[in-house]
Amino acid sequence: MAMELTCPSCGAINRVPEERLQSRPVCGKCKTLLLNGQPIAASDASFQRLLDRNGLPLVLDFWASWCGPCQQFAPTFQSTAAAFATQARFVKVDTEACPQTAARFQIRSIPTLMIVKDGKEVARLSGALPKAQFEQWLNQHLRA
């Protein structure tokens with residue numbers, strides 16, 4: 001069965017058979033890797049498209065540049081994005097630059113981590129985690 005994936009570079013919607021996720025699919029429009037293992041920086045304008053048009057769950061990191069724990073957690077989020085590249089899309093949401101998205105999800109503290117499947121929030125966690133606990137949390141909720 002094919003799933004939709006939003007291109008992290010140009011925003012085009014691509015239909016990719018699930019069995020091809022491991023074979024490094026590229027965007028039909030701009031030829032960028034669709035699952036490049038890098039977090040996608042969302043804007044208020046692009047967020048809804050990411051939410052609506054992705055067959056994989058979204059792992060959201062709500063953060064701000066002035067937040068010390070957010071800065072400390074960023075390398076963990078980035079390296080984990082690479083390890084989970086075919087299981088979920090990792091999205092960074094800067095709460096300063098994306099106030100509408102932060103308000104929509106009622107973000108009260110940062111960092112806040114969230115998993116969204118099929119447009120619905122399935123898990124939320126306030127605060128940064130060490131890499132091992134973050135991966136454990138992801139495995140628990142992505143496989144559920």
For the atom pair [atom1] ([X]) and [atom2] ([Y]), what is the distance rounded to the nearest 0.5 Å?
{"X": "Trp137", "Y": "Gln140", "atom1": "CH2", "atom2": "CD", "value": "9.0 Å"}
{"X": "Cys98", "Y": "Arg104", "atom1": "SG", "atom2": "CZ", "value": "12.0 Å"}
{"X": "Leu5", "Y": "Asn14", "atom1": "CG", "atom2": "CG", "value": "7.0 Å"}
{"X": "Ile115", "Y": "Lys120", "atom1": "CD1", "atom2": "NZ", "value": "16.0 Å"}
{"X": "Ile40", "Y": "Thr6", "atom1": "CD1", "atom2": "OG1", "value": "7.5 Å"}

Hydrophobic cluster membership, [X] vs [Y], 4.5 Å side-chain cutoff:
{"X": "Leu142", "Y": "Val122", "result": "yes"}
{"X": "Ile110", "Y": "Leu113", "result": "no"}
{"X": "Val93", "Y": "Leu51", "result": "yes"}
{"X": "Leu138", "Y": "Leu58", "result": "no"}
{"X": "Val16", "Y": "Ile13", "result": "no"}

Closest contact, heavy atoms only, Asp44 versus Gln100:
OD2-N, 3.2 Å
Show the nearest heavy-atom pair for residues Asn36 and Pro8, with the distance to one decimal.
ND2-CG, 4.2 Å
Residue pairs fulfilling ring-ring contact (aromatic ring centres under 6.0 Å, His included) with at least one residue in residues 27-47, sequence neighbours excluded
Phe47-Phe105
How does the hydrophobic cluster around Val26 look, that is, which other residues are in it when side-chain heavy atoms under 4.5 Å mark a link?
Leu33
Filter on salt bridge (Lys or Arg N to Asp or Glu O under 4.0 Å), then keep only pairs touching residues 73-89, sequence neighbours left out; what's left?
none
Summary of salt bridge (Lys or Arg N to Asp or Glu O under 4.0 Å) pairs that have at least one residue in residues 3-30, sequence neighbours excluded
Glu4-Arg53
Find out whether Cys27 and Ser9 are in side-chain contact, i.e. whether some heavy atom of one side chain is under 4.5 Å from a heavy atom of the other.
no
Do Val91 and Pro39 have side-chain heavy atoms sitting under 4.5 Å apart?
no
Could you tell me whether a side-chain N or O of Asn54 sits under 3.5 Å from a main-chain N or O of Leu56, the two making a donor and an acceptor?
no
Taking atom types as modelled and ignoring hydrogens, do the side chains of Arg124 and Gln106 form a donor-acceptor contact shorter than 3.5 angstrom?
no
Could you go through residues 59-77 and list every donor-acceptor pair under 3.5 Å that involves a side-chain atom there, pairing it with any protein atom two or more places apart or in another chain?
unit_1 : atom_1 : unit_2 : atom_2 : d
Asp61  : OD2    : Lys92  : NZ     : 2.7
Trp66  : NE1    : Glu96  : OE2    : 3.1
Gln71  : NE2    : Ser65  : O      : 2.9

Side-chain donor-acceptor pairs of residues 126-134 under 3.5 Å, sequence neighbours excluded:
unit_1 : atom_1 : unit_2 : atom_2 : d
Ser126 : OG     : Ser109 : OG     : 3.4
Lys131 : NZ     : Ser79  : OG     : 2.8
Lys131 : NZ     : Glu135 : OE2    : 3.4

